[in-house]
Visitor: 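Below is the structure I would like to discuss, written out as structure tokens.
Every chain is numbered from 1, with letters handed out A, B, ... down the list of sequences.
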2 protein chains.
Amino acid sequence: MVDVARAAGVSHQTVSRVLNGHPSVAPATKARVYGAIEELGYRRNPAARALVTRRSHVIGVVSFGTTLYGPASTLFGIEQAASRAGYFVSVASLEAIDRQHVREAVARLSEQSVDGVVVIAPQQEAVDALSEVPAELPVVVVEGGEGAGRSLVCVDQAAGAALVTRHLLEQGAPTVWHVAGPVDWLEAQARTTGWRRELEDGGAKVPEPLHGDWSPASGYACGQVLAERADVRAVFVANDQMALGVLRAFHERGVRVPGDVLVAGFDDVPEAAYFTPPLTTIRQDFTAVGHRSIDLLLGQIDHGDQESRMEVVPPELVVRQSTIGQPRH
Amino acid sequence: MVDVARAAGVSHQTVSRVLNGHPSVAPATKARVYGAIEELGYRRNPAARALVTRRSHVIGVVSFGTTLYGPASTLFGIEQAASRAGYFVSVASLEAIDRQHVREAVARLSEQSVDGVVVIAPQQEAVDALSEVPAELPVVVVEGGEGAGRSLVCVDQAAGAALVTRHLLEQGAPTVWHVAGPVDWLEAQARTTGWRRELEDGGAKVPEPLHGDWSPASGYACGQVLAERADVRAVFVANDQMALGVLRAFHERGVRVPGDVLVAGFDDVPEAAYFTPPLTTIRQDFTAVGHRSIDLLLGQIDHGDQESRMEVVPPELVVRQSTIGQPRH
DNA sequence: GTAAGGATTGTTAGCGCTAACAATTGCCTC
DNA sequence: GAGGCAATTGTTAGCGCTAACAATCCTTAC
């Protein structure tokens with residue numbers, strides 16, 4: 001910086017002022033400084049900046065299952081939004097999701113002195129772990145539950161489940177069976193809740209839900225069970241990957257979809273439109289989730305917003321062949 | 001740090017020595033310092049450290065298509081390996097892959113003064129863009145091509161393609177058709193090369209490859225074309241997503257897999273085992289790719305390794321139902 | 001003509017840490 | 001017991017930047 005200052009014939013402080021957009025710098029000086037910066041290829045040192053401003057311009061993301069479509073997409077959305085706001089994103093991937101790992105990840109990030117953290121916390125335990133995080137660290141929770149006194153951004157899972165359940169009922173199914181996700185996942189819980197409420201509202205009997213672990217293999221296992229039952233006419237599977245497993249099991253047992261049973265998923269992974277048959281599902285706008293979480297986080301960082309807000313992103317029903325047509329009588 | 005020093009009755013420099021594992025510190029002193037650190041909940045300031053050591057302990061990852069299975073898995077592997085080595089990972093996702101964007105991403109990261117960069121560069125253009133990156137910045141290229149004078153980690157795509165092609169020939173197919181990826185992708189090129197070479201080695205005729213864009217939709221389009229031809233007995237599709245599209249098109253046209261045509265993919269996405277039929281494919285060890293790229297990068301950062309190395313991770317053939325059994329005669 | 005006030009620039013101090021050197025202590029050798 | 005060496009600890013000087021205050025110059029008002 002002193003080299004630039006010398007080249008431009010000013011003090012290093014004036015260079016700093018130019019770089020920080022300070023209002024009272026003469027246009028001519030500003031031009032000279034920019035010229036010198038250009039000429040010398042100068043970049044200011046973020047460590048020195050961070051040291052004195054106490055702002056690293058880095059936000060941390062604690063994420064889990066980043067190889068899955070949903071979290072990967074959310075991470076991408078967060079990164080986009082952050083980079084547009086001039087922030088960097090530092091990632092801490094969790095190998096397992098429990099108090100211990102979440103705490104460690106947040107600790108790791110705050111040792112790096114991030115300005116704030118977005119926690120992708122799909123399990124209650126992860127949300128609980130946040131109570132141990134210092135309250136002065138700006139935190140936004142994504143896809144988690146309430147209760148941590150933190151701002152929250154999520155897709156309305158229950159509404160999505162209700163949408164798809166209603167759609168199945170409207171297609172003529174007497175009731176809708178459900179292959180749920182792991183019981184400790186909040187998203188799984190919310191989808192089950194939405195499904196149950198919609199059935200009750202529609203006066204349909206509520207069958208006992210089956211439980212998978214999000215994997216195609218577990219969906220396949222549940223599909224085998226459902227294929228045995230003669231009274232299954234429609235199934236709402238809690239994610240597209242498990243739905244694929246269900247479709248596979250049905251196919252092997254000779255259960256036709258949508259001829260014999262209607263099947264719907266959740267997520268709208270890119271493959272869903274090319275399953276056999278193409279899968280009706282719920283689309284989630286992960287980009288919006290990423291952007292809103294950054295908005296909330298920057299609100300806390302820059303303007304000291306204290307109150308915890310909640311942003312709910314609406315889901316969208318995507319109807320494909322797997323739920324079209326009347327089920328058998 | 002001075003507070004800790006005072007609490008432990010030593011100088012701040014001794015605290016620094018303890019924290020940095022300096023050899024000559026008396027055990028008793030070390031214990032007292034750790035005690036004071038614990039008691040005060042002290043964490044050292046990374047910005048100050050970075051300022052004086054000129055090491056940020058952050059490595060940057062330039063990545064593209066992070067919502068795809070391969071890149072997402074690679075990113076995850078990189079993050080794991082880096083965090084074990086005490087480094088943080090800062091991500092810069094590209095919206096498009098061209099010289100401009102790659103250059104900007106690297107510039108963004110180096111303004112953050114990362115210690116090194118891993119570039120996931122699946123296109124030649126991205127590799128070329130690296131020639132403009134200062135040679136003193138440690139860089140490792142993943143899944144890219146040679147020529148940038150940079151260290152390289154990749155899965156042996158050509159070997160994988162050869163494996164799967166040979167397998168299809170061994171199943172009795174007279175030749176193997178190919179749905180390739182985008183021509184400007186290095187991985188697509190290598191897979192095509194491996195496929196062609198294996199056919200030539202086996203004395204089979206080499207059909208004109210079709211080209212998709214990795215998406216299920218493009219695979220579907222190619223599948224429609226292939227379904228029209230009576231002489232297609234086996235198809236090697238350059239990734240699993242497109243293979244799904246091909247399977248879908250075949251299914252719609254009444255082409256049975258594997259009864260009429262054998263189909264194989266590449267990647268072994270978690271869904272592949274549950275496609276209809278389960279898909280023969282090539283598994284890539286993305287975790288190994290991530291770990292090795294960090295190894296190479298840290299070699300450059302810590303030991304000043306200059307020579308550009310190349311690490312090739314071998315792929316693995318996973319045989320499933322889609323290629324089992326004789327094709328029709 | 002002069003004081004007040006704004007615009008612009010410079011000077012100084014320190015953010016929290018580590019590197020380099022200096023100082024102190026204890027122990028061993030002869 | 002003096003000298004020498006190693007082990008341990010302390011002192012000092014920045015790393016590159018921004019905040020706060022100080023200084024200068026130019027207007028404008030009376």
Visitor: Mind calculating the distance between CZ (R49(A)) and C1' (dT18(D)) to the nearest angstrom?
Guide: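 Rounded to whole Å, this separation is 9 Å.
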Visitor: Per the atom types in the model, does the base of dT11(D) pair as donor or acceptor with the side chain of H12(B) at under 3.5 Å?
Guide: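 Checked by distance alone, the answer is no.
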Visitor: Between S11(B) and L51(B), which residue's closest nucleotide on DNA chain D lies nearer the 5′ terminus?
Guide: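 This one resolves to S11(B).
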Visitor: Are D184(B) and Q124(B) close enough, and set up right, to give a side-chain hydrogen bond (donor to acceptor under 3.5 Å, both in side chains), and what steps lead you there?
Guide: CA-CA 7 Å; D184(B) 50 348; Q124(B) 189 57 45; over 6 Å; no
Visitor: Examine the base of dT9(D) for any acceptor or donor lying under 3.5 Å from a partner atom in the side chain of H22(B), and report the outcome as yes or no.
Guide: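 Counting by modelled atom types and ignoring angles, no donor-acceptor contact under 3.5 Å is found here.
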Visitor: Rounded to whole angstroms, how far apart are CD1 on I37(A) and C1' on dC17(D)?
Guide: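 Taking CD1 of I37(A) and C1' of dC17(D), I get 13 Å after rounding.
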Visitor: Return the value, rounded to whole Å, for the distance between atom CZ of R6(A) and atom P of dG10(C).
Guide: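 Rounded to the whole Å, the gap is 14 Å.
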Visitor: Any idea which of dT8(D), dT8(C), dG10(D) is nearest the T29(B) side chain?
Guide: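 So the nucleotide nearest the side chain must be dT8(D).
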Visitor: Within the structure, does a side-chain N or O atom of R55(B) lie under 4.0 Å from either OP1 or OP2 of dT18(C)?
Guide: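 Result: no.
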Visitor: Looking for any heavy atom pair under 4.0 Å, which part of the strands does R54(A) touch: base, sugar-phosphate only, or nothing?
Guide: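 Sugar-phosphate only.
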Visitor: Heavy atoms only, 4.0 Å cut-off, all strands: where does R17(B) land among base, sugar-phosphate and nothing?
Guide: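 The residue R17(B) makes base contact.
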Visitor: Starting at atom CD of E111(A), determine the distance to atom C1' of dG16(C), rounded to an integer number of angstrom.
Guide: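 So the two atoms are 15 Å apart, to the nearest Å.
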Visitor: When we call it a touch if two heavy atoms are under 4.0 Å apart, what does V2(A) touch: a base, just sugar-phosphate, or nothing?
Guide: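 Since no nucleic acid heavy atom lies under 4.0 Å of V2(A), the category is nothing.
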Visitor: Do the side chain of R43(A) and the base of dG16(D) come within less than 3.5 angstrom through a donor-acceptor pair of N or O atoms?
Guide: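 No such pair is found, so the answer is no.
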Visitor: Carefully, step by step, assess R55(B) and D302(B) under the rule salt bridge (Lys or Arg N to Asp or Glu O under 4.0 Å).
Guide: CA-CA 10 Å; R55(B) 282 286 166 75; D302(B) 293 334; 3.7 Å; yes
Visitor: Under 4.0 Å between a side-chain N/O of N45(A) and OP1 or OP2 of dC15(D), yes or no?
Guide: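 No, outside the criterion.
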Visitor: Kindly say whether S93(B) contributes a backbone atom to a donor-acceptor pair with the side chain of S63(B) at under 3.5 angstrom?
Guide: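 It does not hold such a pair.
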Visitor: Taking the side chain as everything from C-beta on, heavy atoms only, tell me whether T74(A) gets closer than 4.5 Å to T287(A).
Guide: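 When only atoms from C-beta onward are counted, T287(A) and T74(A) do not touch, as no gap falls below 4.5 Å.
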Visitor: Calculate the interatomic distance between D3(A) atom CG and dG16(D) atom C1'; express it in whole Å.
Guide: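 For the pair D3(A) CG and dG16(D) C1', the rounded distance is 11 Å.
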Visitor: Let me see the working for R6(B) and H12(B) under side-chain contact (heavy atoms from CB on, under 4.5 Å), right down to the final yes or no.
Guide: CA-CA 8 Å; R6(B) 195 165 26 236; H12(B) 69 277; over 6 Å; no
Visitor: Measure up the Y69(B) and F286(B) rings against each other and bin them: parallel (under 30°), tilted (30 to 60°), perpendicular (over 60°).
Guide: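 The rings of Y69(B) and F286(B) stand perpendicular, inter-plane angle above 60°.
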Visitor: Touch check for T14(A), heavy atoms < 4.0 angstrom, all strands: base, sugar-phosphate only, or nothing?
Guide: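 Sugar-phosphate: the residue T14(A), judged by heavy atoms under 4.0 Å, touches backbone atoms but no base.
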Visitor: Select one nucleotide: of dG10(C), dG14(C), dG16(C), the one nearest the side-chain heavy atoms of V52(A).
Guide: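 Nucleotide nearest to V52(A)'s side chain: dG14(C).
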Visitor: Which whole-number value in Å describes the distance from R32(B) CZ to dT9(D) C1'?
Guide: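 Interatomic distance, CZ of R32(B) to C1' of dT9(D): 11 Å.
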Visitor: Nearest whole angstrom, please: distance from the P of dT18(C) to the NE2 of H57(B).
Guide: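 Whole-Å distance recorded here is 11 Å.
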Visitor: Look at the side chain of Q13(A) and decide which nucleotide, out of dT9(D), dT11(C), dA20(C), has an atom nearest to it.
Guide: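 Selected nucleotide: dT11(C).
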Visitor: Is there a side-chain polar atom (N or O) of S16(A) under 4.0 Å from OP1 or OP2 of dT18(D)?
Guide: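 True: S16(A) side-chain N/O within range (under 4.0 Å) of dT18(D) OP1/OP2.
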Visitor: I want to verify a distance call: between dT18(C), dT8(D), dT18(D), whose nearest atom is closest to the A26(B) side chain?
Guide: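 The listed nucleotide nearest to A26(B)'s side chain is dT8(D).
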